[in-house]
Amino acid sequence: MRDVGAGRWRRIASQIGRSVAVWAVSTLTMLVLAGILPDFRIRTGDGDSATRIAVTAAIGAGAFGLLSALVWPLLVRLLLLVPALVLGLLVFFLNGGLLLVALRLTPADRPEAAPETAVVVAAVMSAVASATGAALAVRDDDAYRRRLYRLADRRGLARPFEGPTTPGVVFLQLDGVGHDVLVRAAEKGLMPTVAGWLDATHRLTPWRTDWSSQTGASQLGILHGTNHDIPAFRWYEKDTGEVMVCNRPTSAAELQRRAVERTGDGGLLTVDGASRGNLFGGGADEQALVLSVAGRRGRENRSRAGYFAYFSDPANAVRTALSFFAEVGREIGQSTMARIRKRRPRIARGGLYPFIRAFATVIERDVVVAAVMGDMLAGRTAVYADLVAYDEVAHHSGPHSRDAEKVLQRLDRATELIAEVAQHAPRPYRIVLLSDHGQSPGETFRGRYGLGLGDLVRAGCGLPVPRRARRTHSGAEARAAVRAALRRPVEENGGRHVPTGHRSEPLVLASGNLGLISFPDVHHRMTREEIDARHPALLTTLANHPGVGFVLVASEEHGGVVLGAHGVEIPVDALDEPGAPDGEHGTPLADFGPGAASAVRRTHSFPHTADIMVNSWYDPAEGEVLAFEEQIGSHGGLGGAQGKPFLLAPFALSEAVEEGAELVGAEHLHRVLRRWLRECNGPQVPLEVSGDHQVA
């Protein structure tokens with residue numbers, strides 16, 4: 001008992017000593033700034049003696065520290081109502097306001113600071129105080145652990161540091177990082193932490209996505225065990241008349257509801273889990289920055305709680321805000337250089353994109369990493385977190401660009417920090433890195449051919465298209481095909497279109513290099529025969545276009561067919577059969593690699609598959625695709641690295657698949673992660689069968 005009491009007093013003395021040291025450094029910082037900045041003066045009532053000035057600075061620094069500790073968390077609560085992109089500016093102004101209040105609390109004759117100077121002084125003092133406290137705490141393991149815990153504020157959910165002896169699992173998703181990109185980054189020294197794990201402590205396994213190679217389909221399958229009826233990133237549902245978009249809060253909530261209803265299970269994180277920065281909750285009790293709850297109102301919406309957990313520390317707020325604006329400047333500089341050097345391919349990167357990129361690469365990263373740290377220090381059993389930085393940058397700069405490589409370096413540092421914090425957790429942790437898809441490079445469809453997929457569809461339907469698109473080679477060919485099919489001129493009368501009956505125009509949606517075409521006035525999935533009767537040249541125009549790899553459409557005769565150039569037509573059920581009628585030009589799926597036929601056949605069975613599914617051309621030699629969106633790094637369809645993500649797990653966990661077998665599909669990956677949780681004495685979920693769908 002005497003030793004326990006002595007240890008308690010030593011900790012108290014150590015805490016007091018660190019507080020005094022931080023106060024002293026803050027006071028010195030204020031004195032230095034007062035001597036440097038012309039609009040910041042510390043005046044006293046009895047003259048300018050050094051003692052009086054030092055006392056005034058000490059009182060001001062102490063008052064600022066107390067206000068930061070007591071008032072700042074209340075201000076951050078109010079900031080939860082503010083859009084995230086506005087947060088950076090408010091951080092500086094509010095911090096400067098706290099300093100002005102602190103200066104007025106001093107007994108001296110009103111120290112002076114211009115408002116804009118107060119913002120600078122407050123930012124510097126917060127950063128110095130944070131760095132000093134961290135440096136002093138690192139030498140004391142208990143203090144360092146408590147500081148990390150406080151930075152990742154659990155809002156009253158504190159647990160004792162002594163935790164269970166069974167290991168927990170942290171699943172860290174590096175969004176959009178393909179298997180080959182990870183290996184290349186490790187070999188080049190961009191990701192030293194990952195390089196140290198490869199073949200030393202962790203086992204690397206590639207896996208193959210479904211046709212819809214994007215976060216919505218992959219993450220729903222990984223977290224909830226099913227991605228049934230997710231044909232793309234965005235699609236039109238005829239029964240409801242709604243366009244579903246995976247990163248729209250209302251759509252994410254509905255997709256999660258359908259998944260839970262289909263499997264009869266809450267998800268991977270149902271027992272003592274945490275979901276951070278994801279599209280879906282996975283059944284976790286603790287959720288922050290989770291899109292599927294972002295659209296809810298009231299107490300159930302905990303999507304922004306992660307912001308409070310991180311920004312309640314003013315030093316975090318200032319550091320992240322500074323990094324935010326630095327990233328905005330970095331993106332503007334990089335895009336400007338790309339234009340000056342006339343790099344190809346290149347897309348427009350203006351407007352709000354610099355701020356969106358900064359949010360993904362700075363704010364989202366910092367908040368999610370802090371939340372994961374807090375989860376480990378709280379001893380949670382399973383944590384799944386998504387870091388989206390690389391995916392966002394690679395879309396606009398390219399998956400192999402220097403911009404994207406810089407992001408990989410920062411992601412590796414975040415991984416290293418999480419691994420270091422795991423050493424201070426109350427239980428051992430096994431850290432699993434994985435990705436939801438990769439990215440395939442290539443210029444855009446519009447950039448190569450001068451018209452978008454929507455323009456090509458309209459031209460193939462005989463509908464008016466913009467003059468610029470009409471003059472392109474593709475537009476002219478499509479119009480010629482329509483004239484030949486109808487045996488009459490198209491779009492005469494000055495180019496005005498005269499609608500026939502009550503037919504609506506086709507709705508064209510894009511998900512990377514996957515295009516979806518729907519006819520909203522027809523309430524069922526149209527067949528090839530029906531489409532040919534309405535628009536005789538459309539399917540031929542699409543299938544024969546050099547930027548299109550293949551087309552999937554329903555068929556009254558065959559159930560479904562895949563169409564390719566030169567009149568190739570293969571029934572879906574015959575895609576894998578030896579001697580399939582692929583003609584002299586070969587099957588349209590030949591270049592897309594193993595598993596393409598089964599992926600197409602599975603998507604064909606979905607209730608909400610579009611009337612026409614179009615996958616872009618793919619060059620297997622260069623690994624390039626043509627995005628139907630304005631992206632030079634894309635994913636969402638078949639072709640190249642986008643369909644080959646990775647799984648990096650400790651050797652302590654069993655192999656994901658048997659030697660020689662493949663890990664195919666997000667649902668399969670879900671079953672692997674479930675097994676690993678059971679191996680760690682995590683959530684115990686029995687096998688269940690729901691219809692023809694099995695979950696483990």
Side-chain angles (χ1 to χ4, degrees), residues 76-77 79-81 83-84 87 149 151-159 168-173 175 215-216 218-225 246-261 263 265-312 359-360 363-388 418 429 432 434 436 670 673-674 677 682-683 685:
V76 174
R77 285 287 186 189
L79 285 178
L80 294 181
L81 303 176
L87 193 59
Y149 191 88
L151 292 179
D153 181 12
R154 306 314 307 143
R155 291 161 290 132
L157 296 176
R159 300 182 182 185
V169 185
V170 173
F171 302 106
L172 191 60
Q173 177 179 305
D175 204 299
T215 304
S218 293
Q219 200 176 84
L220 189 65
I222 293 170
L223 289 177
H224 289 278
C246 287
N247 68 351
R248 181 184 295 164
T250 53
S251 296
E254 173 61 17
L255 295 177
Q256 181 173 304
R257 185 198 65 78
R258 294 178 186 178
V260 172
E261 181 180 23
T263 63
D265 177 76
L268 182 72
L269 310 173
T270 301
V271 179
D272 193 32
S275 179
R276 309 299 185 188
N278 300 311
L279 294 181
F280 310 104
D285 290 331
E286 280 298 307
Q287 301 183 24
L289 311 186
V290 174
L291 198 69
S292 61
V293 301
R296 300 179 186 173
R297 297 182 180 274
R299 297 174 61 88
E300 292 185 356
N301 185 356
R302 294 166 288 175
S303 175
R304 292 185 176 177
Y307 288 108
F308 176 77
Y310 182 78
F311 287 106
S312 57
F359 174 79
I363 295 180
E364 196 268 354
R365 178 201 64 200
D366 288 354
V367 171
V368 168
V369 169
V372 172
M373 288 161 43
D375 291 325
M376 291 190 296
L377 294 171
R380 300 210 173 276
T381 300
V383 182
Y384 195 102
D386 186 11
L387 297 175
V388 302
I418 289 173
Y429 273 96
V432 176
L434 72 159
D436 48 347
H670 171 85
L673 302 190
R674 286 265 184 165
L677 287 175
V685 182

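Just the heavy atoms: all of them, side chains too, but no hydrogens, waters or symmetry mates, feed the values below.
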Closest approach of Gly281 and Ser292, non-hydrogen atoms and distance? N-OG, 3.6 Å

Can you confirm whether the side chains of Gln173 and Asp436 place a donor and an acceptor under 3.5 Å from each other? yes

Rounded at 0.5 Å granularity, tell me how far CG in Asp386 sits from CG in Leu223. 9.0 Å

Please check this pair: side chain of His224 against backbone of Leu268, looking for a donor-acceptor N/O pair closer than 3.5 Å. no

Between Gly267 and Thr270, the two heavy atoms sitting closest are O-OG1, 2.7 Å

With the side chain counted from C-beta on, respond yes when Arg674 and Asp265 share a heavy-atom pair under 4.5 Å apart, and no when they do not. yes

Looking at residues at least two apart in the chain, or sitting in another chain, which of them share a salt bridge (charged side-chain N to carboxylate O under 4.0 Å, His left out) with Glu364? none

Any chance you could measure Glu286, atom CD, to Leu269, atom CG, to the nearest 0.5 Å? 11.5 Å

Sorted by chain and number, sequence neighbours left out, side chain to side chain donor-acceptor pair (under 3.5 Å) with Ser218 holds for none

As a test of understanding, state which of Leu220, Val388, Asp175 forms a side-chain contact (heavy atoms from CB on, under 4.5 Å) with Thr215. Asp175

Below 4.5 Å, heavy atoms only, C-beta onward: do Tyr384 and Ile222 meet side chain to side chain? yes

Between Glu254 and Arg257, does at least one N-O distance fall below 4.0 Å, as a salt bridge requires? yes

Would you please name every residue forming a side chain to side chain contact (heavy atoms under 4.5 Å, CB included) with Ala385, sequence neighbours left out? Leu172, Arg276, Val368, Val372

Hey, are the side chains of Val169 and Leu673 touching, using non-hydrogen atoms and a 4.5 Å cut-off? no

For the backbone of Leu279 and the side chain of Gln219, can you confirm whether one donor and one acceptor N or O come within less than 3.5 Å of each other? yes

Non-hydrogen atoms of Phe280 and Ser275 that approach each other most closely: O-OG, 3.1 Å

